A.B. asks: 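Handing you a structure now.
To find a chain, count down the sequence lines: A is the first, B the second, and so on, and within it residues start at 1. FYI, side chains are in, hydrogens and waters are out, and symmetry mates aren't considered; it's all heavy atoms of this structure. These figures come from a predicted structure and were not determined experimentally.
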Amino acid sequence: MMIEINYFINVLIGGLVVGFIYALTALGITIIYGILQIPDFSHGNRYMLGAYAGFLAASIAGNMLEISYIAAILAAVAVSALVGVLSYLLVYRRLLDAPHITSFIAAIGLLMLLEGFALAVFGPRYQHIHTPFDYMVLVGALRISAQRLVILLSSIATIAFLFYFLKRTITGIALEAVAQSPIGARLVGINTDKITLIAFAIAGALAGFAAALIAPITLVYPIMGAELNLKAFVICVVGGLGNIPGAIAGGLVLGIVESIYGGYFDIRWKNLVAFGILVAILILKPEGLFGKKERRA
Amino acid sequence: MNWKIVCPTILVLALLLPLTGSSYAIRISTLFIIYTIAAMGLNIIIGYTGQASLTQGAFYGLGAYVSALLVLNGWSFWSSLVVAVAFVAAVAFLIGLMTLRLKGAYFAIATLLFNVIIYEIVDKWDEVTRGPRGLFGIPSPAIEIGGVSISFSGTQNFYYLMLAVLVIMTVLYWIIIKSPFGSIIVAIRENELLAEYAGVNLTKFKVASFVFSAIFASVAGAFYSAYIGSIFPDITSFVNSFAFLTAVIFGGAGTLAGPFVGTAVVTLINEVFFTLAQYTVLIQGIVFLLAILFMPKGVMGTYYSRKAEKGGELPKRAIMGKL
Amino acid sequence: MLSVKGVGIKFGGLRALKGVTFDVKEGEILGIIGPNGAGKTTLFNIISGLYTPDEGIVLFKGKTITGMPPHKIVRLGINRTFQTTSLYFNLPVIGNILITLTGWYRGSIFKALKEKNGEEIFEEAMKLLKFVELEELAFTPVKNIPQEAQRRLSIAVAIATKPKLLLLDEPTAGLTLEETDKILEIIKSLRNNGTTIALIEHKMRFIMGVSDRIVVLESGEVIAEGKPEEIVKNERVIKAYLGESYVA
Amino acid sequence: MLLEVKDLHVAYGSYEVLRGVNLEIDYGEIVSIIGSNGAGKSTLFRTISGFIKPKSGSIRFDGEEIAGKSPEEIVTIGITHCPEGRFLFPDLSVYKNLLLGYFTNRRDKDGFKKRLEYVFEIFPVLRERINQRAGTMSGGEQQMLAIARALMPKPKLLLLDEPSFGLSPKLSWSVFEVLKEIKNDTAVLVSEQNASLSLKVSDRAYVIELGEIRLSGKADEVMANPEVKKAYLGI
């Protein structure tokens with residue numbers, strides 16, 4: 001009995017860990033969608049490039065695990081944020097006046113470009129980022145990997161910090177303002193271009209952080225972004241595109257469901273079940289589980 | 001450009017191509033034809049109806065799988081083709097019914113999800129599809145005329161077969177676009193609300209054009225499996241959806257010749273950089289982005305807007321927004 | 001011909017319309033007036049099937065049409081124009097009519113694929129353009145023609161579906177007196193051809209001159225209904241529409 | 001002069017919406033601009049506030065040329081615009097809407113508190129609703145919030161487009177009463193369909209027709225003009 005409960009808690013923690021990674025990535029997509037109404041399909045590849053930047057930084061930083069892992073995190077955050085900023089400056093900003101479908105198609109181009117870049121530079125091989133938290137800790141009767149605890153705690157801290165930023169700082173409030181009414185924002189003197197740039201930087205940084213956290217467990221490879229991206233996207237849609245709490249809740253729910261399913265049932269149909277449920281939600285409740293119903297105007 | 005001269009010229013050149021004796025050129029041209037058929041279908045739903053569908057790759061792969069499975073079970077290619085097309089059309093009908101109420105990005109994401117779902121089924125249901133091991137030894141199609149059997153196994157024979165299929169599919173494509181049906185889907189693309197107030201049942205027409213686009217994809221897929229002889233679950237992946245999308249956008253979404261031009265350019269790029277396999281995706285991405293940024297209307301779209309700027313005469317169908 | 005009975009609708013917490021009841025009689029021109037935000041356009045959206053009301057029903061020729069999608073209502077014989085002119089802006093003027101006629105005549109998939117558009121559809125389009133005096137602009141892209149011409153074109157697009165009841169949403173907003181007169185003539189000759197018309201307007205003089213009857217909306221409720229000469233004398237109307245200062 | 005608009009031309013594509021508009025506003029003035037829907041009032045406002053670039057002409061504010069500047073720069077210089085349609089932040093609280101109204105001076109925390117008190121005195125109902133989300137308030141309250149937001153940075157000039165939109169006559173009247181209170185700090189250019197209301201509180205008025213100024217003068221003179229009466233006052 002005891003063992004079963006412990007197994008369940010472990011499955012649950014596994015789900016939360018993955019769920020937070022999903023949530024951190026989905027947050028970026030939802031923030032960008034809120035501001036520009038673009039479904040940025042290339043977002044997952046910022047996450048992937050962040051992971052590679054972390055891998056490179058860690059190899060340069062040397063053999064001290066503590067130092068090299070910190071270097072990896074910093075590099076991942078910085079590079080992902082930079083790629084986000086450049087994506088806006090070089091691509092999306094030029095398409096602000098074009099129909100939405102153009103930006104959306106450009107996102108697919110960007111996705112190919114970033115993935116192609118990683119393939120060309122790093123090849124299809126799997127790379128490894130080493131973590132100093134490579135041991136198990138005892139919490140009560142539970143043995144949990146320290147890296148998982150680090151992921152849980154730092155994700156929660158990051159999300160708390162994000163909420164503080166959005167709700168309490170004037171720049172964060174301005175970011176929400178631009179998402180709700182770009183014209184209103186300009187009327188009060190907010191430079192929407194600058195805010196959009198900040199949004200892309202934040203979205204990228206969150207993805208890079210998520211990548212550096214999970215990379216020691218899942219390894220680093222070129223299509224890691226594409227795999228995560230799809231799920232992050234669906235999470236956003238389920239949470240309501242542009243809805244920040246929705247993205248977090250959606251990420252956690254998907255992570256836990258996947259983990260429980262994988263822990264107890266035939267793993268073969270895991271993805272199918274996950275995507276099946278998500279598409280059903282999308283069709284039955286297109287405004288998202290947490291969204292408000294809007295009338296056709 | 002006068003299409004009445006250009007089209008027959010190209011057709012004659014195409015018929016003469018095997019005289020060059022280059023099996024490489026024939027192989028590339030055959031693949032080009034297969035991809036073009038799928039791209040034509042995608043152009044109907046994206047270019048003319050204005051709905052960003054991302055399921056085309058799955059329909060293509062599904063067409064290939066259904067027909068290959070039947071052929072491997074002893075069916076003739078032609079009856080398997082009919083069943084594959086009907087099956088994919090039915091799947092598209094159901095997916096269209098479910099997704100086409102969604103708008104813009106939501107529709108795109110929903111169709112992408114269905115692509116993933118179809119891929120998962122093909123990849124994981126190995127009792128039926130043999131999963132990642134793929135299907136091998138798919139025989140080539142053959143026909144019997146008056147007791148004489150002609151096999152399309154040779155590169156050259158298959159090329160002529162595909163040329164005939166291309167002509168048939170192009171005529172179908174042309175009929176769909178040129179008929180009142182084509183005008184109505186353009187009306188939906190240009191102003192959905194107003195189209196509805198012209199008494200058009202939006203759902204019906206959107207679903208119909210989605211089904212048409214899937215039919216083209218499944219035909220292309222079925223012939224692909226017969227040509228290559230082996231297929232793997234990858235063929236249903238959304239990577240193919242993106243590839244067909246690239247061709248349509250590149251050629252000019254919503255222009256009749258767009259899928260031909262776009263597929264030609266994309267096939268060419270792939271071949272030119274074939275030796276740099278590692279860089280293919282990167283180069284595709286760069287070219288794609290540059291095209292969207294500097295030529296968002298694609299080759300044919302840009303051609304027509306230049307022509308309009310210069311005051312040149314546009315085709316008569318331009319009155320109805322069709323190019 | 002059309003009966004609106006106890007129609008009400010909510011947006012979020014806001015009650016945009018409540019208990020709206022009135023009739024449109026065959027062959028008349030009914031004016032609908034009221035201050036900005038009174039719910040006039042919402043009312044048109046309900047009649048033409050864009051919104052389903054939370055309460056009440058709409059009857060057209062004795063048949064309930066609430067809950068029907070717009071394309072079915074159009075086929076029953078009601079069409080409308082939009083306040084912010086809605087057209088196929090990328091197409092030429094005549095393309096707008098042709099594409100509407102195509103949708104109207106070939107609205108089933110079978111017909112759309114099988115039947116061809118012949119010369120007669122082109123001639124019918126030209127006739128409609130002549131009716132609104134746009135035949136000279138037939139091949140100009142809509143985005144390049146003046147606002148006033150766009151307004152007339154949107155009427156032509158709506159009547160291409162041969163409606164028995166036409167709903168016009170502020171057909172003269174932003175037009176000069178001269179241009180307003182042109183629209184007025186179109187409306188009158190439409191009525192003479194047997195089309196019943198309901199129109200939303202702001203210009204008092206215009207609506208008083210053209211309407212047989214007038215319905216006044218304020219904050220989502222009908223506050224008066226009657227002949228123009230009765231409406232101008234109605235104190236509640238003057239207060240709501242012209243402002244406090246005009247009473248007394 | 002606070003604002004001098006000279007020979008202003010604005011076009012959407014080939015269609016000229018403003019055809020040589022001349023207009024002036026002095027410190028401490030309320031000026032009405034009257035015209036039918038589509039005459040060019042909103043376009044004029046949007047051009048002054050920087051949302052539309054003029055084709056030609058000059059807009060001088062406090063002696064400085066501002067034509068072609070971005071909306072952000074123009075708010076910083078001291079012109080705020082309260083447009084038709086309000087453009088509030090519907091999911092943010094009244095407090096945050098007002099905080100954002102003070103965005104251009106965001107570092108001055110004390111100044112913000114003073115301005116907040118000031119607008120609460122003018123619109124006491126907003127104080128009661130301080131934590132309510134803007135989108136859930138009634139139309140009238142939203143209109144007050146929109147005006148209050150535009151007053152937050154203590155602008156030298158307020159452009160007020162259709163303030164009585166969707167308001168009951170009584171509420172509209174109280175909005176216009178407010179203008180008289182603020183005009184010593186903030187000059188006002190107001191456009192209004194219900195011209196009789198706005199003319200009562202205005203010092204001067206312009207009549208705009210088809211993108212041109214047809215008539216201008218003291219508010220009571222304009223109101224007494226028989227043609228204006230006929231065309232815009234509904235009598």
A.B. asks: Can you tell me which portion of A:K167 sits under 4.5 Å from chain D's heavy atoms? Options are side chain, backbone, both or neither.
C.D. replies: both
A.B. asks: Counting heavy-atom pairs closer than 4.5 Å to chain D, which one of A:P182, A:G184, A:A174 comes out on top?
C.D. replies: A:G184
A.B. asks: If only side-chain N and O atoms count, and only distance matters, is there a donor-acceptor pair under 3.5 Å linking D:E73 with D:T76?
C.D. replies: no
A.B. asks: Report which part of D:L92 has an atom under 4.5 Å of a heavy atom belonging to chain A: side chain, backbone, both, or neither.
C.D. replies: both
A.B. asks: Do A:D40 and A:Y92 have side-chain atoms, one donor and one acceptor, less than 3.5 Å apart?
C.D. replies: yes
A.B. asks: On the six-membered ring of D:F89, is D:R149 placed so that its NZ or CZ lies under 6.0 angstrom from the centre and within 45° of the ring axis?
C.D. replies: yes
A.B. asks: Taking atom CD1 of A:I248 and atom CG of A:L24, what is their separation to the nearest 0.5 Å?
C.D. replies: 8.5 Å
A.B. asks: Which residues in residues 96-122 of chain D have any heavy atom closer than 4.5 Å to a heavy atom of chain A?
C.D. replies: D:K96, D:L99, D:L100, D:G101, D:F103, D:T104, D:R106
A.B. asks: Mark yes when over 12 heavy atoms from residues, nucleotides or ligands other than D:K154 sit less than 6.0 Å from its NZ; otherwise mark no.
C.D. replies: no
A.B. asks: So, the side chain of A:N243 versus the backbone of A:G246: is there a donor-acceptor pair under 3.5 Å, distance only?
C.D. replies: yes
A.B. asks: Do the charged groups of D:K69 and D:E64 touch, with an N to O distance under 4.0 Å?
C.D. replies: yes
